[in-house]
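Working notes for the structure below.
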Amino acid sequence: MSARTDAPVPRPLGGAAAGLALVLVAVLVGVAAQRVSGDAPVPAAAVTPTGHTTTVTVVADGMRFHPDRIDVPRGDRLVIELTNRDNRRHDLVLASGAKTPLLTRGGDARLDAGVIGATVEGWCSLPAHRQAGMTLRIVPTGATVAAPTGTAAATEGTRPRLDALADPGAAFLARDATAPPVPPGRLHRRELHVREVVREVAPGVRQRLWTFDGTVPGPVLRGRVGDTFEITLVNDSTLDHGIDFHAGAVAPDEVMRPIDPGQRLTYRFTTTRAGIWMYHCSTMPMLHHIGNGMYGAVIVDPPDLPRVDREFVLVQSELYLGPDGEPGDLAAMQAERPDAVVFNGYPAQYAHRPLPVRAGERVRVWLLDAGPNRDSSFHIVGAQFDTVYREGHWENRPTDPGGAQVLSLTPAGGGFVETVFPAAGHYPFVSHAMADAERGARGLFEVR
């Protein structure tokens, strides 16, 4: 909807929208006092001003602008009245330099886009929102429309080169892969803090990660069938984030909603089924939040799970590098072009810091494929699995005559394998998707 006036004055918002979020394109009624962008409009393209103003209402909802194309008579001044009806914060930035403040749900702003003489691109400036499709175009009537720039535009800046074979150096400390014990009691309370950290993700390569408690993967949680978890998510970052626990069956409406910086949310669930379950950020674009570090594992022990001599947890995931020290590249995630595939957040870390066991010990390895895109095919060179538990189902037991050579998982899938190493030596483990093994999905068991 648009209207032409002879002066750039605010127009009352009219009409109420109902129904689904994506239908909230109608004009709104009775707006309160509006905020005006503090940025003066940049000089217009070479065009004769008509002296008229076109005013357009735009609604941000469902990670989209509605409408996402604005047709304006050439030479008119354009005023955009933006309202955020999404559960997430959004703004509108134009390629001309004009922009709105960052708006929370229910917020509104008025943006003077200036005299329109050429096509102008607009987008939300929050990380990955533009790449995820939150864009709009301003097109002067009668103008030739340029080809769309697409939602997977390349990340600005120079991406670093990752060498999956590089030695991380003597000071490198690998993540402890030892599985945590089952905690006492049946109620497990914990705070998880969302933190942004810049850390080394490969030798000489840094990335700005979004994390749970500052680590990638996030902390491994553990319990039994029938235990209750009460997790308080605290957002200590600069962006909105949420959380989704696959270990609990709950309505997602409230507990998985995104929360703004400084907010807290309590997520309570009772486990009803065993397995190793993924948790991850629930905020859109979810691909970017998972791909940039926001994932972890919850182990729920099967009833009467036998004791073993050693237990490890390996979480497979992918790295998609952005510019040095910046978040990962959503375009590469969308194209499924990982720079590395890793166990527990760092390429080949256990090749340089092998996992220690002793010959004759029974070893259990819990596996979770956090993705976000690649399958896993876990294999230990020189060993066979006499026990396989995958996605809540026993596929092999030590008393069975058969064995297994891989544990195959799709993204978000999990399970465990058990083996007894027959003799001292170094036993490599890999994802047997060999391109991924060469990208860093490999390590060693050092058997003494």
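As the structure is a computational prediction, the values presented were derived from the model and not from experiment.
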First locate atom CG of D240, then atom CG of D260, and finally report the distance between them rounded to the nearest 0.5 Å.
6.0 Å
Considering only residues two or more places apart or on different chains, which pairs with a residue in residues 324-347 satisfy ring-ring contact (aromatic ring centres under 6.0 Å, His included)?
F172-Y346, F343-F429
Atom CG of D400 and atom CG of D386: how far apart are they, to the nearest 0.5 Å?
9.0 Å
So, H188 and D227: side-chain donor and acceptor under 3.5 Å apart, yes or no?
yes
Could you report the tightest heavy-atom contact between L367 and I276, atom names first, then the distance?
O-CG2, 3.3 Å
Kindly assign one of parallel, tilted or perpendicular to the pair H379 and H432, based on the angle between their ring planes and the thresholds 30° and 60°.
perpendicular
Mind listing the closest non-hydrogen atom pair of T387 and F416 along with its distance?
CG2-CE1, 3.9 Å
Tell me if a side-chain donor or acceptor on R89 pairs with a main-chain N or O of L102 at a distance below 3.5 Å.
no
For residues A359 and A424, report the shortest heavy-atom separation together with the two atoms involved.
CB-N, 4.1 Å
Please check if the number of heavy atoms outside Q405 that lie under 6.0 Å from its CD is greater than 12.
no
Considering only heavy atoms from C-beta outward, does the side chain of V225 approach that of T272 to under 4.5 Å?
no
Is any side-chain heavy atom of L111 closer than 4.5 Å to one of L94?
yes
Distance only, no hydrogens: is a donor on one side chain within 3.5 Å (strictly under) of an acceptor on the other, for T238 and E196?
yes
Go through the steps to decide whether L444 and L355 satisfy the test side chain to side chain contact (heavy atoms under 4.5 Å, CB included), and finish with yes or no.
CA-CA 6 Å; L444 284 173; L355 300 177; over 6 Å; no
Distance, nearest 0.5 Å, that separates OG of S377 from CE of M434
10.0 Å
Check this for me, if you would: do R358 and E361 make a salt bridge, where the nitrogen-to-carboxylate-oxygen distance has to be below 4.0 angstrom?
no
Looking only at side chains, do H393 and E395 share a donor and an acceptor under 3.5 Å apart?
no
To the nearest 0.5 Å, atom CZ of R190 lies from atom CZ of F229 at 10.5 Å
I'd like to know if the side chain of Q349 reaches the main chain of N344, judged simply by a donor and an acceptor atom lying under 3.5 Å from each other, with no hydrogens or angles considered.
yes
Between S431 and D436, does any side-chain donor sit less than 3.5 Å from a side-chain acceptor?
no
Please confirm whether the backbone N or O of D61 pairs with a side-chain atom of H66, one donor and one acceptor, at under 3.5 Å?
yes
Has the side chain of D86 got a donor or acceptor atom that lies under 3.5 Å from a matching backbone atom of M63?
yes
Atom CZ in F65, atom CD1 in I80: separation rounded to 0.5 Å?
9.0 Å
Look at the side chain of E391 and the backbone N and O of G414, then say whether any donor-acceptor pair between them is shorter than 3.5 Å.
yes
Exercise: do T215 and D213 side chains pair donor with acceptor under 3.5 Å:
no
Is the shortest side-chain heavy-atom distance between L368 and Q316 below 4.5 Å?
no
Tested for side chain to side chain contact (heavy atoms under 4.5 Å, CB included) against V58, the lone hit among L92, I70, D68 is I70
With ring-ring contact (aromatic ring centres under 6.0 Å, His included) as the rule and sequence neighbours excluded, what pairs involving residues 308-340 come up?
F312-F445
Of all the heavy-atom pairs spanning Y350 and A177, show the shortest one and how long it is.
OH-CB, 3.6 Å
Hey, are the side chains of L221 and I231 touching, using non-hydrogen atoms and a 4.5 Å cut-off?
yes
Treating D369 as the side-chain partner and A412 as the backbone partner, does any N or O pair qualify as donor plus acceptor under 3.5 Å?
no
Give a yes or no answer on whether the side chain of E200 reaches the backbone of G204 with a donor-acceptor pair at less than 3.5 Å.
yes
Please tell me if the side chains of R69 and L136 come closer than 4.5 Å, counting only heavy atoms from C-beta onward.
no
Using the rule given for side chain to side chain contact (heavy atoms under 4.5 Å, CB included), can you reason through I380 versus F421, listing the C-alpha separation, both sets of side-chain angles and the distance that settles it, and then say yes or no?
CA-CA 10 Å; I380 302 177; F421 293 99; 3.9 Å; yes
Between D108 and T83, is a side chain to side chain donor-acceptor pair (under 3.5 Å) present by the stated rule, with each step listed?
CA-CA 4 Å; D108 53 78; T83 298; 5.3 Å; no
If a pair satisfies side chain to side chain donor-acceptor pair (under 3.5 Å) and one of its residues is in residues 284-300, list it, with sequence neighbours excluded.
Q207-N292, H241-H289, Y295-S317
Less than 6.0 angstrom separating the ring centers of F269 and W277, yes or no?
no
Worked check of side chain to side chain contact (heavy atoms under 4.5 Å, CB included) between H90 and H129:
CA-CA 9 Å; H90 296 295; H129 286 207; 3.3 Å; yes
Ion pair check, R374 and E318, cut-off under 4.0 Å
no
Mind running side chain to side chain contact (heavy atoms under 4.5 Å, CB included) on W366 and I299 for me, showing each step along the way?
CA-CA 9 Å; W366 291 90; I299 296 174; 3.6 Å; yes
Can you name the one residue among R307, R310, R362, R397 that meets salt bridge (charged side-chain N to carboxylate O under 4.0 Å, His left out) with E418?
R362
Is any side-chain N of the basic residue among R222 and D301 closer than 4.0 Å to the acidic one's carboxylate O?
yes
A side-chain contact here means heavy atoms from C-beta on lying under 4.5 Å apart; do Y427 and P354 qualify?
no
Would the number of heavy atoms belonging to other residues, nucleotides or ligands and lying under 6.0 Å from CD of E191 be above 12?
yes
Nearest atoms (heavy-atom pairs only) where A370 meets I290:
O-CG2, 3.8 Å
Check whether any side-chain heavy atom of I138 lies under 4.5 Å from a side-chain heavy atom of E121, and answer yes or no.
no
Can you give me the closest heavy-atom contact between N235 and L239, atom names plus distance?
ND2-O, 2.8 Å
Which distance, rounded to the nearest 0.5 Å, do you find between the CG of N87 and the CZ of R257?
8.5 Å
Side chain to side chain, L233 and I259, heavy atoms closer than 4.5 Å:
yes
Taking T283 for the side chain and G242 for the main chain, is one N or O donor matched with an acceptor at less than 3.5 Å?
yes
